[in-house]
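To find a chain, count down the sequence lines: A is the first, B the second, and so on, and within it residues start at 1.
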There are 2 protein chains.
Amino acid sequence: MIDHESGIPLYLQVADALRKRITTGEIAAGAELLSESEIAAVCGVSREVVRKGLTVLRSEGLIVSVRGRRSAVRRELPVEQVSVVGPARVTARMPTPVERDRFGMVEGVPLLLVRAGGGEMLYPADRVEVCMLSHGAETRGGPR
Amino acid sequence: MIDHESGIPLYLQVADALRKRITTGEIAAGAELLSESEIAAVCGVSREVVRKGLTVLRSEGLIVSVRGRRSAVRRELPVEQVSVVGPARVTARMPTPVERDRFGMVEGVPLLLVRAGGGEMLYPADRVEVCMLSHGAETRGGPR
DNA sequence: GCCCATTTGTCCGTATGTATA
DNA sequence: TTATACATACGGACAAATGGG
């Protein structure tokens with residue numbers, strides 16, 4: 001499972017192993033992981049190494065951690081459709097701590113920035129999908 | 001500067017202090033920070049606390065770190081305009097390590113997902129802006 | 001090309017605090 | 001209240017990459 005001789009950082013090996021089990025669905029959304037100490041014992045590494053691996057997964061938005069509880073696979077939230085009509089530009093960046101707090105976002109979730117009509121709107125990317133419609137557009141011909 | 005009695009985690013205080021100096025432009029894009037040891041000495045905390053604070057800023061996409069060099073404020077990249085014609089849905093998430101590698105993305109930069117015309121395209125959010133044009137739209141710039 | 005000081009990265013250990021159940 | 005579990009903080013040690021001389 002964990003190869004101490006491979007030269008690959010142990011915390012990355014821990015993160016990689018867990019990520020695979022999460023993305024394949026072996027560990028379902030909402031399910032709890034083993035405790036940090038248990039993972040450390042199973043993998044034969046220190047708890048700090050496990051914590052560093054979990055930090056990686058948190059920043060990827062794969063798990064959420066709450067003090068006193070085992071870390072759990074992040075649940076998918078219902079996606080709200082936000083429509084914009086006419087010329088608009090959309091990009092994304094990570095939120096500031098203030099923005100994370102304001103929108104109640106967990107770690108590892110980007111912020112969507114929609115600029116249209118002279119204003120700018122911000123949306124948490126795990127709950128919002130931006131639907132861009134050109135004015136009087138028909139449904140035909142996308143890019144590529 | 002750093003208050004050991006405030007109850008606010010020291011590494012967050014370090015991150016907050018540096019974030020403010022970065023976002024206000026006091027430390028310009030591309031400029032190097034002090035070394036971790038120097039920051040630790042200045043702030044009166046351990047190097048591990050400083051490293052944890054820098055990890056926060058990295059995951060926010062504010063700084064980039066390279067082994068052997070001091071961490072530096074992330075430079076803004078020229079933004080490529082990707083235009084879409086017809087209805088499109090745009091969202092964002094953090095990239096997997098494989099995707100980060102494929103696109104040459106640094107830490108703390110989200111991935112833009114554009115679904116249009118039955119397909120899905122991926123773009124690094126620090127280099128690409130998705131544009132929806134109203135009339136006579138043309139598609140400039142291609143996928144990578 | 002090579003050494004050397006600097007600097008960040010990895011890993012371990014210990015201790016303590018604090019939230020959860 | 002108690003046990004579990006995650007969070008914070010410090011310390012030391014060594015590895016690996018950078019950049020200058």
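- Comparing C:dC12, C:dT10, D:dT8 against the side chain of B:Pro9 picks out D:dT8 as the nearest.
- For B:Ser35, whose side chain is taken as the heavy atoms from C-beta onward, the closest listed nucleotide among C:dT7, C:dC12, D:dT8 is C:dT7.
- Residues B:Gln13 and B:Ser6 bring a donor and an acceptor atom of their side chains to less than 3.5 Å of each other.
- Distances were taken from every side-chain heavy atom of B:Ser46 (C-beta onward) to each of D:dA9, C:dC12, C:dG9; the shortest belongs to D:dA9.
- An OP1 or OP2 oxygen of C:dT10 is reached within less than 4.0 angstrom by a side-chain nitrogen or oxygen of A:Tyr11.
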Under the criterion salt bridge (Lys or Arg N to Asp or Glu O under 4.0 Å), I'd like the reasoning laid out for A:Glu129 against B:Arg115: C-alpha separation, chi angles, the key distance, then a yes or no.
CA-CA 10 Å; A:Glu129 192 176 55; B:Arg115 284 185 280 271; 2.7 Å; yes
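- When distances are taken from the side chain of A:Glu48 to each of C:dT7, D:dA7, C:dT14, the shortest belongs to C:dT14.
- Phosphate contact (OP1/OP2 of D:dA7, side-chain N/O of A:Arg51, threshold under 4.0 Å): present.
- In summary, the side chains of B:Ser71 and B:Ser65 do present a donor paired with an acceptor at a separation below 3.5 Å, with no hydrogens or angles considered.
- Not a single donor-acceptor contact under 3.5 angstrom links the side-chain atoms of A:Arg47 to the base of C:dG13.
- OP1 or OP2 of C:dT7 has at least one side-chain nitrogen or oxygen of B:Arg70 nearer than 4.0 Å.
- Here B:Glu99 pairs with B:Arg93 in a salt bridge; the nearest charged N to carboxylate O distance falls below 4.0 Å.
- Contact check, B:Lys52 against D:dT8: a side-chain N or O comes under 4.0 Å of OP1 or OP2.
- Nucleic acid contact class of A:Leu10 (heavy atoms, under 4.0 Å, all strands): sugar-phosphate only.
- When the nucleotides C:dC12, D:dA7, C:dT10 are ranked by their closest atom to the side chain of A:Val49, C:dC12 comes out on top.
- Taking side-chain N and O atoms only, A:Arg69 has a distance below 4.0 Å to OP1 or OP2 of C:dA21.
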